Amino acid sequence: MKLVTWNVNSLKVRLPQVLQWLAENPVDVLCLQETKLTDDKFPVAEIEAAGYQVAFTGQKTYNGVAILSKHPMSEVVKNNPRFEDEQQRIIAATIEGVRVVCAYIPNGQAVGSDKYQYKLRWLDALHDWLADELKTHESLALLGDYNIAPDDRDVHDPVAWQGQVLVSDLERAAFQRLLDLGFKDSFRLFEQPEKLFSWWDYRMMAFRRNMGLRIDHVLLSPPLAARCTGCIIDKAPRKWEQPSDHTPVVATIE
DNA sequence: ATGGCCTCGGTTCGAGGA
């Protein structure tokens with residue numbers, strides 16, 4: 001079973017790339033973030049024609065998440081029931097016995113800003129909700145754009161980024177608190193190339209210069225981590241015409 | 001040199017992303 005997360009930065013713009021990638025990579029579950037589409041504009045027919053069922057929750061301009069699945073989905077939940085939030089950033093479904101949570105964690109903008117405080121509150125609430133979910137779903141996968149680079153290895157230039165949003169101590173502590181629930185960062189279960197990232201700024205020719213961050217993650221609860229046989233970052237779509245600034249992260253469960 | 005690019009809404013610029 002292949003579980004994937006991909007921040008597509010507008011599904012309206014990126015739908016052809018999503019369909020192309022799925023044609024080349026027939027995965028079981030694809031979690032999308034930043035669809036930026038209201039539900040009435042979601043391309044259900046195109047995705048179903050590609051052989052996927054879909055659950056989604058969106059809004060105008062910003063945010064929006066979706067789960068594409070080859071298999072039936074049940075217990076679909078939109079948003080964190082423990083966190084009042086206008087922004088559409090979470091959708092969850094149970095697929096083949098796996099509780100799949102697709103999350104677009106807030107960016108935080110700048111350390112100390114209102115948006116940063118919102119990010120930290122949001123992460124606290126996520127932690128508390130997942131602690132509950134794990135009681136009833138021991139096989140739980142948390143996929144998404146975390147907007148956190150957990151370690152200096154996940155940053156192209158740790159000195160330049162030190163203390164900045166996406167790498168600050170409080171954000172990393174919040175990531176660690178998720179790991180403390182028992183989750184494993186599937187990427188780090190395996191030997192990986194150095195300087196492999198999941199996001200590169202559109203500016204500064206950052207992709208060509210590999211000035212990136214690893215901020216998109218697949219976290220697995222213990223029973224799933226035990227079944228995980230690989231995790232790769234697929235840089236290929238970042239080289240396509242008009243790419244998303246993020247690229248897919250693929251975890252394989254045996 | 002602290003910018004650079006991309007997307008959106010809605011108009012030709014500002015906000016937000018990371």
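The shown structure was predicted, so the numbers you read here are calculated from the model rather than taken from an experiment. A note on names: the letters A, B, ... follow the listed sequences, proteins ahead of strands, and every chain is numbered from 1.
With hydrogens and angles ignored, no donor-acceptor pair under 3.5 angstrom links the side chain of A:N147 to the base of B:dA18.
Here A:S10 reaches the OP1 or OP2 of B:dC8: one of its side-chain N or O atoms lies under 4.0 Å away. The shortest distance between the side-chain N/O atoms of A:Y104 and the OP1/OP2 oxygens of B:dA18 is below 4.0 Å. Phosphate contact (OP1/OP2 of B:dT7, side-chain N/O of A:Q242, threshold under 4.0 Å): present. Phosphate contact (OP1/OP2 of B:dA18, side-chain N/O of A:H246, threshold under 4.0 Å): present. The shortest distance between the side-chain N/O atoms of A:R203 and the OP1/OP2 oxygens of B:dA18 is not below 4.0 Å.
Between the CD atom of A:Q17 and the C1' atom of B:dT7 there is a distance of 14 Å, rounded to whole Å. Taking atom NZ of A:K60 as the reference point, atom P of B:dG16 lies 16 Å away to the nearest angstrom. Per the geometry, NZ belonging to A:K41 stands 8 Å off P belonging to B:dG9, to the nearest Å. Atoms CD (A:Q59) and C1' (B:dT7) sit 14 Å apart, rounded to a whole Å. Atom CE in A:M211 sits about 14 Å away from atom P in B:dG4, given to the nearest Å. Distance A:D114 CG to B:dG17 P: 12 Å, rounded to the nearest Å. Taking atom CG of residue A:D201 and atom P of nucleotide B:dC6, one finds them 10 Å apart after rounding to whole Å. For A:K12 and B:dG9, the NZ to P distance is 7 Å, given to the nearest whole Å.
The aromatic rings of A:Y118 and A:F83 sit tilted, their planes meeting at an angle between 30° and 60°. Taking the six-membered ring where the residue is Trp, A:H156 and A:W161 present perpendicular rings, their angle passing 60° and hence far from 30°.
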For this session: For A:K36 and A:S10, run side chain to side chain donor-acceptor pair (under 3.5 Å): C-alpha distance rounded to whole Å, both residues' side-chain angles, the deciding distance at 0.1 Å, then the answer.
Result: CA-CA 5 Å; A:K36 299 187 178 179; A:S10 170; over 6 Å; no

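Which of B:dC8, B:dG17, B:dA18 sits closest to the side chain of A:R89 comes down to B:dG17. Distances from the side chain of A:L213 to the nucleotides B:dT7, B:dA18, B:dC8 place B:dA18 closest. Comparing B:dG16, B:dA18, B:dG17 by their nearest atom to the side chain of A:Y62 picks out B:dG16. Taking the side chain of A:N9 as heavy atoms from C-beta on, and the options B:dC8, B:dT7, B:dA18, the nearest nucleotide is B:dT7. Checking B:dT7, B:dG4, B:dG17 against every side-chain atom of A:M204, the shortest atom distance belongs to B:dG4.
Shown here is A:Q162, whose CD atom has no more than 12 heavy atoms of other residues, nucleotides or ligands within 6.0 Å.
Contact annotation for A:Q164: no contact, since no heavy-atom pair falls under 4.0 Å across all strands. The residue A:V165 sits apart from the nucleic acid: no heavy atom pair falls under 4.0 Å. Within the 4.0 angstrom heavy-atom criterion, only backbone atoms of the sugar-phosphate kind lie near A:N7; the bases stay farther away.
Atom CD1 of A:I233 and atom NE2 of A:H246 lie 12.0 Å apart (nearest 0.5 Å).
A gap of 15 Å separates the P atoms of B:dG10 and B:dG16, to the nearest Å. When the C1' atom is used for both B:dA1 and B:dG14, the distance is 23 Å, rounded to whole Å. A distance of about 15 Å separates the P atoms of B:dG4 and B:dC13, rounded to the whole Å. Comparing B:dG17 with B:dT2, their P atoms are spaced 23 Å from each other, to the whole Å. Rounded to the nearest Å, the gap between the P atom of B:dT11 and that of B:dC6 is 24 Å. Taking atom C1' in both B:dT12 and B:dA18, the straight-line distance is 26 Å, to the nearest Å.
For A:R14 (side chain) and A:V8 (main-chain N/O), a donor-acceptor pair under 3.5 Å exists by modelled atom type.
Along DNA chain B, the nucleotide nearest A:L11 and the nucleotide nearest A:Q109 are compared for position; the residue whose nucleotide lies closer to the 5' end is A:L11.
The one candidate from A:V4, A:I47, A:L30 that meets the side-chain contact (heavy atoms from CB on, under 4.5 Å) condition with A:L22 is A:L30.
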